[in-house]
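Only one structure is covered here, and it is reproduced in the block below.
Bear in mind the structure is a predicted one, so any value in this text is a computation, not a measurement.
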Amino acid sequence: MFNLIRRDVILQKRQLLFFIPFILFFIIMGKDPVFTFLVSSIFIPFNTYAYDEKAETNILLNSLPYTRTEIIASRYLGAIIYMILAIGVTSLSLFAFNKPFTMTDIAIGCGLFLLFAAFTFPLFYIFKPGYIFPVVLICFILLAAIGPAIVTFLTEHLTAITDFIVNLTVPSLYTGATLGIMVVYAISWGLTNIIYQRKAF
């Protein structure tokens, strides 16, 4: 399974050359650190899906001595590994450009990435090739555009939930958010595995 994760990096040698300039663009433009951490985490996993969609790699992967469960596990574990590496590179880049950021920025960026991955990874095995990447791109744009408005709306209209969250201690809030994200990611992993097991290539 480790070889499947490493394969993603090997296949993306050229794309990785654009990774640092890609991150530097957002830093120089003065984008929020949370958004920068989010887009840097998305770069490798979603480029891999885009490449596999174009090259129909799943046909090849299913002819190799890997189970379908291992293939999906490599996607989800690989996304976490690449996220950690991307966060490290982005943190160093922000530090080099003397751009302030906090551990909270990193935590929120990681959480948003894992949630976005959890909701979009199953789509790569539901939609037909050629339609997947545009759908994911639209989802990301919508998330970036209307996400804050949705949070504001929920904050104003779901006062009971808002009051409950406000009264939580910081450790309790972070622990609850972490557990919630882990549960959503695990459910997505299981759902994608079921879809992939039943899919014909």
May I ask whether Ile20 and Ile28 are part of the same hydrophobic cluster, defined by side-chain heavy atoms of I, L, V, M, F, W, Y residues being less than 4.5 angstrom apart, directly or through others?
-> yes

Is Phe25 reachable from Phe43 through a run of I, L, V, M, F, W or Y residues, each pair having side-chain heavy atoms under 4.5 Å apart?
-> yes

Ile72 versus Arg68: any side-chain heavy-atom pair under 4.5 Å?
-> no

Among side-chain atoms of Tyr76 and Ser188, is any donor-acceptor pair under 3.5 angstrom?
-> yes

Rounded distance [0.5 Å steps], CD1 in Ile187 versus CZ in Phe119 | 9.0 Å

So how far is it from Ser93 OG to Leu24 CG, rounded to the nearest 0.5 Å?
-> 5.5 Å

Specify the closest pair of heavy atoms between Pro45 and Ala79, including all atoms of both residues, with the distance to one decimal.
-> CG-CA, 4.1 Å

Worked check of side-chain contact (heavy atoms from CB on, under 4.5 Å) between Trp189 and Val184 | CA-CA 9 Å; Trp189 187 336; Val184 172; over 6 Å; no

Are the side chains of Tyr125 and Arg198 in touch, meaning some heavy atoms are under 4.5 Å apart?
-> no

Indicate, with yes or no, if the rings of Phe26 and Phe22 have centres closer together than 6.0 Å.
-> yes

Are side-chain heavy atoms of Ile87 and Ser41 found at a separation under 4.5 Å?
-> yes

Mind checking whether Val183 and Leu115 sit in one hydrophobic cluster, side chains of I, L, V, M, F, W, Y counted as touching below 4.5 Å?
-> no

Are Ile84 and Leu112 connected, step by step, through hydrophobic side chains (Ile, Leu, Val, Met, Phe, Trp, Tyr) whose heavy atoms are closer than 4.5 Å?
-> yes

Distance, nearest 0.5 Å, that separates OG1 of Thr178 from CG of Leu114 = 10.0 Å

Would you say the side chain of Ile42 lies within less than 4.5 Å of the side chain of Met83, judging by non-hydrogen atoms?
-> no

Any donor-acceptor N/O pair, Gln197 side chain to Ile194 backbone, under 3.5 Å | no

Quick one: does Ile80's side chain get under 4.5 Å of Tyr185's, heavy atoms only?
-> yes

Working to the nearest 0.5 Å, report the span between OG1 of Thr102 and CG of Asp105.
-> 3.5 Å

Drop me the distance from Met103's CE to Ser91's OG, to the nearest 0.5 angstrom.
-> 8.0 Å

May I ask you to check whether Phe95 and Phe101 place their ring centres under 6.0 Å from each other?
-> no

Answer with yes or no whether the hydrophobic clustering places Ile71 together with Ile126; edges join I, L, V, M, F, W, Y residues whose side-chain heavy atoms lie under 4.5 Å apart.
-> yes

For the student: nearest non-hydrogen atoms of Ala117 and Pro122, plus distance | O-CD, 4.3 Å

Would you call Ser40 and Phe113 a side-chain contact if the rule is heavy atoms closer than 4.5 Å?
-> no

Rounded distance [0.5 Å steps], CD1 in Ile23 versus CG in Leu94 | 9.0 Å

